[in-house]
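For this chain, numbers begin at 1 and follow the sequence in order. All ligand and atom numbering here is 1-based and tracks the order in the structure. When reading the values below, keep in mind they use all heavy atoms of this one structure, side chains included, and skip hydrogens, waters and symmetry mates.
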Amino acid sequence: TRSTRPQRLLAAVQKNATRGDPRSVVKAIDEFCRYTEWAMNVGDEKGCILDSVVSEVNPATVLELGTYCGYSTVRIATLLPPDAKLITLEFNPDFAVIARQVIAWAGQEEKVHLVEGSSGDLIPKMKEQFGVKSFDLVFLDHWKDRYLPDAKLMEECGLLGKGSVLLADNVICPGSPDYLDYVRNSPKYRSQYFKSHLEYTKVEDGLEKSVFLG
Ligand SMILES: CNc1ncnc2c1ncn2[C@@H]1O[C@H](/C=C/CNC(=O)c2cc(-c3ccc(F)cc3)cc(O)c2O)[C@@H](O)[C@H]1O
Ligand SMILES: [Mg+2]
């Protein structure tokens with residue numbers, strides 16, 4: 001039967017990237033998506049904004065919601081110190097299989113813990129099952145209507161400490177209006193919009209960075 005888009009993306013990585021070289025993996029995916037087949041990775045333009053926020057926060061613990069093929073997982077992991085931990089949640093087993101291989105090709109397995117399951121089920125288990133006290137950085141890039149409920153769930157589970165940073169992809173396209181309204185108007189957050197473009201296109205999109213004030 002016909003291959004899937006993630007399978008074709010992985011094949012492009014294995015063909016064009018150097019094993020153990022995360023930058024070449026990122027470049028191979030960006031070239032595949034720009035010149036062969038679009039895919040919903042955060043991409044190179046928004047990826048640079050992601051990189052700058054990760055470098056600024058210099059997080060010891062990171063949570064990513066929605067691994068997909070592992071593109072942003074690799075971008076984030078590459079910037080983390082060796083003892084830092086990145087937990088990424090993915091509930092589609094077919095995507096998880098691909099993401100694991102992309103992360104391995106980039107040589108980032110040590111820093112990444114890909115957990116298969118739904119954020120709604122796993123967030124409440126973070127403390128006892130994964131020994132997490134709080135997350136210094138959360139990258140939201142899963143179903144857009146789940147950003148708000150999952151942000152509230154992380155608050156309720158005590159997973160956000162003073163200074164924790166939420167960075168959300170696609171706040172314009174496809175958009176997450178209820179989440180945007182919440183973080184921009186809640187006294188619990190100081191929020192900032194980074195204007196950019198939808199990956200590999202000229203369509204407007206952006207990232208919203210929201211600092212939890214405790
Ligand atoms: C709800 N809890 C969840 N827990 C764990 N994993 C979850 C998940 N929800 C979704 N996922 C996974 O995240 C990924 C979903 C991402 C959803 N992203 C988008 O819809 C998206 C969509 C676009 C997009 C923009 C314009 C357009 F025309 C078409 C698409 C661009 C993006 O950057 C996007 O991130 C999948 O791998 C899915 O299996
Ligand atoms: Mg996205």
Close approach of [X] to ligand 1, heavy atoms, under 4.0 angstrom:
X	value
G43	no
G120	no
W38	yes

Measure the distance from [atom] to every protein heavy atom, then report the residue, atom name and distance (to 0.1 Å) of the closest one.
atom	answer
atom 1 (C) of ligand 1	R146 CG, 3.5 Å
atom 13 (O) of ligand 1	G66 CA, 3.3 Å
atom 15 (C) of ligand 1	W143 CZ3, 3.2 Å
atom 22 (C) of ligand 1	P174 CG, 3.6 Å
atom 34 (C) of ligand 1	N170 OD1, 3.3 Å
atom 4 (N) of ligand 1	S119 N, 3.0 Å

Distance only, no hydrogens: is a donor on one side chain within 3.5 Å (strictly under) of an acceptor on the other, for [X] and [Y]?
X	Y	answer
D30	Y200	yes
Y68	N92	no
E155	Y189	yes
D205	S196	no
Q108	T73	no

Salt bridge or not between [X] and [Y]? Use side-chain N to carboxylate O under 4.0 Å.
X	Y	answer
R100	E109	no
K133	D136	no
K111	D83	no

Any side-chain heavy-atom pair of L159 and L63 under 4.5 Å: no

Non-hydrogen side-chain atoms of E208 and F194 separated by less than 4.5 Å: no

My understanding is that only one of D141, N41, D169 makes a side chain to side chain donor-acceptor pair (under 3.5 Å) with K46; could you say which? D169

For [X], take its heavy atoms, then give the atoms of ligand 1 lying under 4.0 Å from any of them.
X	answer
S118	2 (N), 4 (N)
Y68	37 (O)
N92	39 (O)
L89	5 (C), 6 (N)
C173	26 (C)
D169	33 (O)
G117	4 (N), 5 (C)

So does E56 have more than 12 non-hydrogen atoms from other groups sitting under 6.0 Å from CD? yes

Is R190 atom CZ crowded by more than 12 heavy atoms from other residues, nucleotides or ligands, each under 6.0 Å away? no

Does NZ or CZ of R184 lie under 6.0 Å from the centre of the six-membered ring of Y193, at an angle within 45° of the ring axis? yes

Cation-pi between K152 and Y182: NZ/CZ under 6.0 Å from ring centre and within 45° of the ring axis? yes

Side chain or backbone, does [X] bring an N or O within less than 3.5 Å of an N or O on ligand 1?
X	answer
D150	no
T67	no
E199	yes

Closest to the Mg ion (ligand 2), which N/O/S atom of D169 is it? OD2

D141: which N/O/S atom is nearest the Mg ion (ligand 2)? OD1

Is there an N/O/S atom in N170 at a distance below 2.8 Å from the Mg ion (ligand 2)? yes

Polar side-chain atom of S72 near backbone of V42 as donor-acceptor pair, under 3.5 Å: no

Which part of [X] is near ligand 1, with near meaning a heavy atom under 4.0 Å away: side chain, backbone, both or neither?
X	answer
F91	both
D141	both
L198	side chain
H142	both

Going by a strict under-4.0 Å cutoff (protein heavy atoms only), does atom 28 (F) of ligand 1 have a neighbour on the protein? no

Nearest non-hydrogen contact to atom 19 (C) of ligand 1 from the set E116, E64, K144, E90 belongs to K144

